[in-house]
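Working notes, structure below.
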2 protein chains.
Amino acid sequence: MTITGRTRLMAILGDPVAPLRSPALFNQAFARLGMDAAFLAFEVPAGELPAAWAGLTRLRNLDGLVVTMPHKEAVVPLLDALGPTARLTGTVNTVRRRPEGGWEGEMFDGEGFRDGLERAGHPVRGSAILQVGCGAAGRAIAHALARAGAARLLLHDASPGRAASLAGLLSGTYPGLSVAEGRPETMGQDIVVNATPLGLREGDPLPLEVSRLRPPQVVADVIPNPEETPLIAAARAAGCAVVTGRSMHEGQARLAAAYLGIAGWEG
Amino acid sequence: MTITGRTRLMAILGDPVAPLRSPALFNQAFARLGMDAAFLAFEVPAGELPAAWAGLTRLRNLDGLVVTMPHKEAVVPLLDALGPTARLTGTVNTVRRRPEGGWEGEMFDGEGFRDGLERAGHPVRGSAILQVGCGAAGRAIAHALARAGAARLLLHDASPGRAASLAGLLSGTYPGLSVAEGRPETMGQDIVVNATPLGLREGDPLPLEVSRLRPPQVVADVIPNPEETPLIAAARAAGCAVVTGRSMHEGQARLAAAYLGIAGWEG
């Protein structure tokens, strides 16, 4: 890849950016597809997004952005239009220019996660699921699991109000779903999902009690880096099938690439 | 080069950016030096610089910018500190973070041009020079030629007030220099300099009358792309030595790289 004045730009916006895998993933795709485009990471601290956004949207050769922590909610009021999942969840992870001017965003964390889970051989339809973490990514994941036909969803969040409010929203939106918020009990679950950031930093506590995990339970984590989180390691040790954050991330990237008009991603 | 979340960023800010050679030049240097850094082009239209600037300075992994048309004057009031040539010319082409916070800029167009001219074997000291074009780059070039000991400087600009004001400033700053503004007469000049943008776009008129160019006159152009401008072609046809905008650009890049802390640029 040679970057010149003609190279089109895309970027991921977050903080921290050092551990992000999107630049490598997208740049490999650009090289494979022969696209004269580069995918960068822009490190923007929380609270500085509005000013950064006003500036970045002035870059005429910037075609799209992937948005990650801590900006997935903060970017919403800065956009001119939202896709259906972004409206439902109040979060955005991918932003593109609109042909008529301005910028629009959509949220693919949830569908990316579901896609990764199902491609790994674990269908969501009819299953009982425990999900810990109801932040920006968690909200999108719970919506995607509900939409894909999960039978039961038990939600937990360190701040109980967050889990309850998401449970209320889901039960109103998906009448066929049995949804509750409460203690993160793994017993009786088919799939256990970590949607908290715990495991991202060394020394983080486990996001849930792992002592009663047993096959054929499936344990899925949203953290792509490190790929082997303590939760994933404990689940493997218990003999459970695991789906790492890498699968979710690859799913997100596929969907974000399609939204950004990158044709032929899966070659 | 593989861009990841850890890659440090630098960029050139201008409009248009497609013809710019800086990204290729800097990225080749980064590869040669084994630096995990990428050099991009950010296309920002005139008038949108203040908003773009406010945003770009929020990118924590952006370490420096090269500034080109049409922003070399407009960026000056946005900076926290200026180098000596920037103060003298009211123009900036390179910007870096200050260790104490904020951003500072300096202008290397003039010294880059002079460096390119002298490396090509044409000493400035004692020479008679015609320079057409007294815009941002032209002001910096005239200062560098004066500082390097030019004996006589004839300045011309399509807007005569610009040439006269630059001539006044130079005669006050460099008492040993004979400086005037007037018709762009090539006769009697050792060195003829185009510092206008004429030649950048196909179909541009020549920046000066070429019919009386003769060896051993030297003709130098600031336009790096196309390298063979109509002026350069006419000067070659007349048997004159030529120095193209590529030499100036390489000189600028050397000086900008040093200012941006890129060690070992010349291998």
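Per chain, numbering begins at 1; letters A, B, ... match sequence-line order. Quick caveat: nothing in here was measured; it's all calculated off a predicted structure. Just so you know, these numbers use all the heavy atoms, side chains as well, and skip hydrogens, waters and symmetry mates.
For the set A:Val17, A:Leu59, A:Leu62, the count of heavy-atom pairs under 4.5 angstrom toward chain B peaks at A:Leu59. The residue among B:Gly55, B:Pro23, B:Ala41, B:Ala18 with the most heavy atom pairs within less than 4.5 Å of chain A is B:Ala18.
Checked by atom type and distance alone, the side chain of A:Asn27 never pairs as donor or acceptor with a backbone atom of B:Thr2 at under 3.5 Å.
Counting only heavy atoms from C-beta outward, the side chains of A:Leu20 and B:Thr4 never approach each other to under 4.5 Å.
No more than 12 heavy-atom neighbours from other residues, nucleotides or ligands sit within 6.0 angstrom of CZ on A:Arg6. Under a cut-off of 6.0 angstrom, the local environment of CD in A:Glu100 is crowded, with over 12 non-hydrogen atoms contributed by other residues, nucleotides or ligands. Around atom CZ of A:Arg98, more than 12 heavy atoms belonging to other residues, nucleotides or ligands sit under 6.0 Å away.
Going from atom CG of A:Leu40 over to atom CG of B:Leu40 covers 5.0 Å, rounded to the nearest 0.5 Å.
Listed in order of number, the residues of residues 42-53 of chain B that approach chain A to under 4.5 Å between heavy atoms are B:Phe42, B:Glu43, B:Val44, B:Pro45, B:Glu48, B:Ala51, B:Ala52.
Heavy atoms of A:Leu9 lying under 4.5 Å from chain B belong exclusively to its side chain.
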